[in-house]
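Since the structure comes first, as structure tokens, the remarks are kept for the end.
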Amino acid sequence: RKEFVDLYVNYMFNESVQKPFEDFMQGFLRGCPAQMWKMFLPAELQTVLQGHTEFDWHLLEKNVNYVQYKASDQTIRNFWTVFHKLPEEKKKMFLAFLSGSDRILAHALELFAFVIADPQREKPDESYPFANTCSYILFLPR
């Protein structure tokens with residue numbers, strides 16, 4: 001029985017998927033040559049492929065640029081007060097709202113910056129914040 005189970009497990013996890021995996025690996029290596037990936041440790045490779053998942057939110061605040069706002073404006077101070085009180089998952093949801101992803105590229109963690117702009121609406125109380133994900137701009141009504 002043990003031999004049968006061993007052979008069955010080997011077939012299911014190795015032999016039955018060998019051809020599809022070889023096809024996948026061939027296509028993957030065509031776009032991403034293996035020599036480039038060998039220089040990374042597994043944790044580094046994961047960061048390169050997936051991006052950062054841990055953030056220094058105060059660094060993010062420090063890197064923000066303001067358009068029609070100053071860091072000392074009440075709207076901005078209120079925004080950051082509320083933002084820093086959010087749980088980690090909600091902060092990542094904000095990042096996804098702003099950039100289209102809840103991760104930051106591996107090489108861009110310290111350089112990641114976005115803009116908070118005033119959309120200059122006549123009735124700011126009647127409009128919601130919105131984002132331009134391509135340019136990393138958060139339009140925050142007063």
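Because the structure is predicted, anything quoted here is derived from the model rather than measured.
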Quiz prompt | Audit row: N14, Q18, side-chain hydrogen bond (donor to acceptor under 3.5 Å, both in side chains) steps and yes/no | solution = CA-CA 6 Å; N14 296 315; Q18 186 172 354; over 6 Å; no
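- Screening Y66, Y69, F94 against F79 for a ring pair (Phe, Tyr, Trp, His ring centres under 6.0 Å) leaves a single residue, F94.
- In this structure, E3 places its CD atom where only 12 or fewer heavy-atom neighbours from other residues, nucleotides or ligands lie under 6.0 Å away.
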Practice problem: Please step through salt bridge (Lys or Arg N to Asp or Glu O under 4.0 Å) for the pair K2 and D6, ending with a clear verdict. | Solution: CA-CA 6 Å; K2 182 182 179 340; D6 289 343; 2.9 Å; yes
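- Atoms CG and CD, from D56 and E61 in turn, are 10.0 Å apart once rounded to the nearest 0.5 Å.
- At distances below 3.5 Å, not a single donor-acceptor pair connects side-chain atoms of D73 with backbone N or O atoms of T75.
- Atom CG of L140 and atom OG of S127 lie 9.5 Å apart (nearest 0.5 Å).
- With a 4.5 Å cut-off on side-chain heavy atoms, L138 and F97 count as touching.
- From M25, atom CE reaches atom CZ of R30 across 12.5 Å, with rounding to the nearest 0.5 Å.
- Contact annotation: the side chain of Q120 never approaches that of R142 to less than 4.5 Å [non-hydrogen atoms, C-beta and beyond].
- F130 and F114 fall into different hydrophobic clusters, defined by Ile, Leu, Val, Met, Phe, Trp and Tyr side-chain heavy atoms under 4.5 Å apart, directly or through other members.
- Tracing side-chain contacts under 4.5 Å through hydrophobic residues (I, L, V, M, F, W, Y), one never reaches Y136 starting from V67; they form parts of separate clusters.
- Linking Ile, Leu, Val, Met, Phe, Trp and Tyr residues whenever their side-chain heavy atoms come within less than 4.5 Å leaves L98 and M93 in two separate clusters.
- Taking hydrophobic clusters as Ile, Leu, Val, Met, Phe, Trp and Tyr residues chained together by side-chain heavy-atom distances below 4.5 Å, Y128 does not share a cluster with F83.
- Residues K62 and H58 form no side-chain contact, since every pair of their non-hydrogen atoms from C-beta on lies 4.5 Å or further apart.
- Atom OH of Y11 has 12 or fewer neighbouring heavy atoms from other residues, nucleotides or ligands inside a 6.0 Å radius.
- When all heavy atoms of A113 and N63 are compared, the pair lying nearest together is CB-O, 3.1 Å.
- Under the 4.5 Å side-chain heavy-atom criterion for Ile, Leu, Val, Met, Phe, Trp and Tyr, L95 and V64 are members of the same hydrophobic cluster.
- At least one side-chain heavy atom of I116 sits less than 4.5 Å from a side-chain heavy atom of I76.
- Smallest separation of non-hydrogen atoms from S99 and S101: OG-O, 2.9 Å.
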Quiz item: What's the verdict on side-chain contact (heavy atoms from CB on, under 4.5 Å) for E22 and Q26, showing C-alpha distance, side-chain angles and the deciding distance?
Solution: CA-CA 6 Å; E22 286 174 0; Q26 182 182 4; over 6 Å; no
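- Remark: side-chain polar atoms of S135 are not paired, donor with acceptor, to backbone N or O of I137 under 3.5 angstrom.
- Here the side chains of W57 and E88 are in contact, with some heavy-atom distance below 4.5 Å.
- Contact between M12 and V17 at its shortest, heavy atoms only, is O-CG1, 4.2 Å.
- Checked against the 6.0 Å centroid criterion, the rings of Y8 and F13 do not qualify as a close aromatic pair.
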